[in-house]
> 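One structure follows; several queries about it will come next.
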Amino acid sequence: MNYELILVRFGEITIKGRNRNRFEMMLLTQIRLALKAMPLLTFERGYARVYIRLNGEKYEAVAARLKDIFGIATFSPVMSSEQELEAIQQCSLEMMRSLNPAPKTFKVSVKRGWKQYPYDSVEMNHLVGSHILRNTPELKVDVRQPEVELKVDIQHQTTYIYCEVVKGAGGFPLGMNGKAMLLLSGGIDSPVAGWMAMRKGLRIEAVHFHSYPFTSEQAKEKVITLSKRLAYYGGKINLHLVPFTELQTKLAQSGHDSLIITLMRRSMLKITERLAEKHGALAIVSGDSLGQVASQTLGSMNVIGRSSSLPMLRPLVMMDKQDIIGYAEKIGTFTTSILPFEDCCTLFVPKSPAINPNLSLVESIEAYLGEELERLIDEAVKGTEVLVLKEDGESTSADLDNNPEDAWF
Ligand code: ATP
Ligand code: MG
């Protein structure tokens, strides 16, 4: 079927007043930017919706991209018809005939936005429905549970006809809810956590700790690939590569084997908090999932989380691994995540990491390291390298600002 338009419906419809307007403006901008590669498209804003006129662009290509834009609840491919009854009947019939697989039951729902139309909606339901029935004997009407609901929306100039409703990604337009730092490890979980944070309207900057030369160049490449995939959903992404070797070595020498991971994680958070301040982020997102490993028990989360005063956002905390893997596959990060390159945290994994670390003991070790620890944290922050990554490469611009155009290109 040669669709002419796509009707895009917005998500999170409980938003009211001025925020709603902001939501709609931001989403329209995101849609335009994400579809920039299709120059023939034009956009018309309606109440809580946008019409995208295809002007010859392929519906399938636009739909594939729309599915991944945050803030879109649903969308529908639409035909527009002249206002004469015969034209509406014919167009409705064509749409029903084009459906694959062919449905057995349907109903027609006519809505009149233009009240002067000569027939009211009950009459129109009947006139359109009976035309379809006459021409497709195998179809039946079922008003309670139809397989297909054919919607006919009569407006002043045009009538819009559609029946398919495609689910969008939901959530908020990117950046609507501010910015957070994402702890990105290269495993399965943290890219999924990043995607979920972005879906909730957070712009993210990724932070990765590496222990070069103990961790390889390939481990870094893996995190770059994951960041580029996240950039497909969220425009440009800053990836902060933090040199962690010296600090990690120091902590490993502290003589408290079972607490190494706890100590490393606390330092990671302190460094991330400093980067967050520098870049205007108000939270830290991690891929922690309750009970998954020793550092993700409630006791560990408590002791680790206290090292930073920023809110810790853990989108996966109550999810099972299988469900997380399902998301990783869906968002296209899984195959990269399972590549077998080592993470800095796996280098010094002790035989029996603490599952219930003692806060005062941890604090006393840090106090003992004192200024040395502060210095190493400072150096790690100073030595952090920033890459600005796009879906298909590296960007030349040095930093992100709050301009959404800049965030994408
Ligand atoms: P993932 O699959 O994301 O690696 P994981 O199950 O391997 O998670 P951990 O290695 O315990 O879990 O890490 C828990 C979280 O800590 C990660 O999801 C990530 O947010 C953060 N993290 C771990 N290692 C790093 C790292 N090298 N750089 C940045 N963040 C990290
Ligand atoms: Mg990991």
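First listed ligand is number 1; within each ligand, the first listed atom is number 1. Hydrogens, waters and symmetry mates are skipped; everything else that's a heavy atom, side chains included, is used.
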> In ligand 1, which numbered atoms sit nearer than 4.0 Å to a non-hydrogen atom of Val207?
29 (C)
> Is there a polar contact between ligand 1 and Met268, counting only N or O atoms under 3.5 Å apart?
no
> Could you walk me through whether Tyr160 and Tyr51 pass the ring pair (Phe, Tyr, Trp, His ring centres under 6.0 Å) test, one step at a time?
CA-CA 11 Å; Tyr160 299 111; Tyr51 290 96; 4.9 Å; yes
> Ser289 and Asp189: side chain to side chain donor-acceptor pair (under 3.5 Å), yes or no, with the steps?
CA-CA 8 Å; Ser289 180; Asp189 305 324; over 6 Å; no
> N/O to N/O below 3.5 Å, does that happen between Gly186 and ligand 1?
no
> Determine, stepwise, if the pair Glu273 / Ser309 fulfils side chain to side chain donor-acceptor pair (under 3.5 Å).
CA-CA 8 Å; Glu273 182 164 356; Ser309 54; 3.1 Å; yes
> Would you call the rings of His210 and His208 parallel, tilted or perpendicular if under 30° counts as parallel and over 60° as perpendicular?
parallel
> Any side-chain donor paired with an acceptor under 3.5 Å for Thr297 and Ser300?
yes
> What atoms of ligand 1 come closer than 4.0 angstrom to any heavy atom of Ser286?
20 (O)
> Using a strict 4.0 Å cut-off to heavy atoms of Asp189, name the atoms of ligand 1 that fall inside it.
1 (P), 2 (O), 3 (O), 5 (P), 6 (O), 8 (O)
> Considering the options Asp153, Thr159, Val152, which one meets the side-chain contact (heavy atoms from CB on, under 4.5 Å) requirement together with Val110?
Val152
> Using the salt bridge (Lys or Arg N to Asp or Glu O under 4.0 Å) rule, pick out the option among Arg9, Arg45, Arg49 that qualifies with Glu24.
Arg45
> In terms of atom number and element, which parts of ligand 1 are under 4.0 angstrom from non-hydrogen atoms of Ile188?
1 (P), 2 (O)
> Among Ser289, Ala328, Ser185, Pro353, which one puts a heavy atom closest to atom 1 (P) of ligand 1?
Ser185
> Taking atom CG of Leu298 as the centre, does the number of heavy atoms from other residues, nucleotides or ligands within less than 6.0 Å exceed 12?
no
> Please identify which atoms of ligand 1 are closer than 4.0 Å to at least one heavy atom of Gly187.
1 (P), 2 (O), 4 (O)
> So, Ser76 and Glu164: side-chain donor and acceptor under 3.5 Å apart, yes or no?
no
> Given Thr333, Val192, Ile324, Asp288, which one has a non-hydrogen atom that is nearest to atom 15 (C) of ligand 1?
Asp288
> I need the atoms of ligand 1 closer than 4.0 Å to a non-hydrogen atom of Gln296, numbered in the order shown.
6 (O), 9 (P), 11 (O), 12 (O), 13 (O), 14 (C)
> Which part of Leu184 is near ligand 1, with near meaning a heavy atom under 4.0 Å away: side chain, backbone, both or neither?
backbone
> Can you find an N or O of Val285 that's nearer than 3.5 Å to an N or O of ligand 1?
no
> Any non-hydrogen atom of Arg265 lying under 4.0 Å from ligand 1?
yes
